[in-house]
Amino acid sequence: KKYTIRNFYDLLCALRENPDWLEELRRLILTEELLNLPKAVRELIERFDRLEKRLDTLEQDVAVLKQDVAILKQDVAVLKQDVAILKQDVAVLKQDVAVLKQDVAVLKQDVAILKEDVAGLKKEVGVLKIDVASLKGDNFERKVRERAHAFLGKYFRRVKVVPPEEWVEKLEDAVDQGIISHEERNEALNLDLLVRAQKEDTKEKLLIAIEASYKADDKDAIRALKRADIFYAIYGEKTIPVVITFDLHPALIEKYPAVLFIKVEPE
């Protein structure tokens, strides 16, 4: 169909009757960017819709975060209160610790004083023990000297205590004559008691070197043996070592068979 185009209206009528002409005309008139504009607008709308959805989601998340932040603020406030209370408690504890330190310092001083007092008491007790032991020993030696006849009467006859002046003089003479040494003289001078007696069965005359000890031990037996040998050397008479004691361990009798142990029973 042919159209006579005399004016713009005739052109519009032809385009309305031929829509494909309109599209072609658009391509000729419009640029590629303008032709693609509707598509770009649709894509932009779609992206905007997606952004709206994401924005809604973000708003919800922000709302949740606000709630969480509000809760955190409350928790922080509670923690601040707790910290304030803890600070007060720590301050009180520091004061208590300071007081305790002072108390401990005082206690240390008291303990030091008590230790000194205990040490002094221990020394005094030790001295008392030594004094008591010495008193017991001295008293027992005196008792042995006074009652030698009673203690030895079960084993010997004609018991007679040799005066110390006599056997001390004999010791001095023996030193001068070279029979014994000065050391042996000094050893013999510590003898507790020297007694003359006779055996019950044979009536043999002999000397008895006596050591008196409240509690007998090895030292007493050894001293009795040494001193008996010394008096045998100066007198030339058989001398028997004797230990008279209040407290005797049976093992000593077996250990020193040459020594006569006489146990005194309590009265």
Side-chain angles (χ1 to χ4, degrees), residues 1-134 215 217-218 247 249 251:
K1 184 177 180 179
K2 294 182 180 181
Y3 293 92
T4 301
I5 303 301
R6 292 185 296 275
N7 50 40
F8 183 71
Y9 178 76
D10 292 338
L11 179 60
L12 291 176
C13 289
L15 291 174
R16 288 191 185 104
E17 292 179 2
N18 298 282
D20 53 332
W21 292 4
L22 181 61
E23 185 66 28
E24 186 67 23
L25 183 61
R26 285 175 181 165
R27 290 192 187 96
L28 292 174
I29 296 174
L30 302 175
T31 62
E32 187 69 25
E33 289 78 6
L34 291 174
L35 290 173
N36 293 327
L37 185 59
K39 181 180 179 182
V41 171
R42 286 193 299 271
E43 291 178 354
L44 183 61
I45 293 172
E46 291 176 357
R47 290 179 63 184
F48 183 76
D49 292 338
R50 288 196 297 271
L51 286 173
E52 279 188 334
K53 291 179 180 179
R54 292 181 64 183
L55 183 60
D56 292 338
T57 303
L58 287 173
E59 287 179 350
Q60 293 175 359
D61 294 340
V62 169
V64 173
L65 286 173
K66 285 183 178 179
Q67 292 177 353
D68 294 340
V69 168
I71 294 171
L72 286 173
K73 285 182 178 179
Q74 293 176 355
D75 293 340
V76 169
V78 173
L79 286 174
K80 284 183 178 180
Q81 292 177 353
D82 293 342
V83 169
I85 294 171
L86 286 174
K87 285 182 178 180
Q88 293 175 355
D89 293 341
V90 168
V92 173
L93 286 173
K94 284 183 178 179
Q95 293 176 353
D96 293 341
V97 169
V99 174
L100 286 173
K101 284 183 177 179
Q102 293 176 354
D103 293 342
V104 169
V106 174
L107 286 173
K108 284 183 177 179
Q109 292 177 352
D110 294 342
V111 168
I113 294 171
L114 285 173
K115 284 183 177 179
E116 292 178 357
D117 293 342
V118 169
L121 288 173
K122 284 184 177 179
K123 289 182 180 178
E124 291 178 3
V125 169
V127 172
L128 286 173
K129 285 183 177 179
I130 294 172
D131 292 342
V132 169
S134 178
K215 183 177 181 179
D217 56 18
D218 292 83
D247 187 357
H249 196 285

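Heavy-atom basis, side chains included; hydrogens, waters and symmetry copies ignored. Everything numeric here is computed off the predicted structure, so don't read it as measured data.
- The distance from atom CG of Leu51 to atom NZ of Lys53, rounded to the nearest 0.5 Å, is 11.5 Å.
- For the atom pair NZ of Lys115 and CG of Asp110, the computed distance is 12.5 Å after rounding to the nearest 0.5 Å.
- Between the CD atom of Glu24 and the CG atom of Leu15 there is a distance of 11.5 Å, given to the nearest 0.5 Å.
- Summarising the geometry, atom CG belonging to Leu55 is positioned 11.0 Å from atom CG belonging to Asp61; distances are rounded to the nearest 0.5 Å.
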Val90 and Lys94: CA distance, side-chain angles, deciding distance, side chain to side chain contact (heavy atoms under 4.5 Å, CB included) verdict:
CA-CA 6 Å; Val90 168; Lys94 284 183 178 179; 3.8 Å; yes
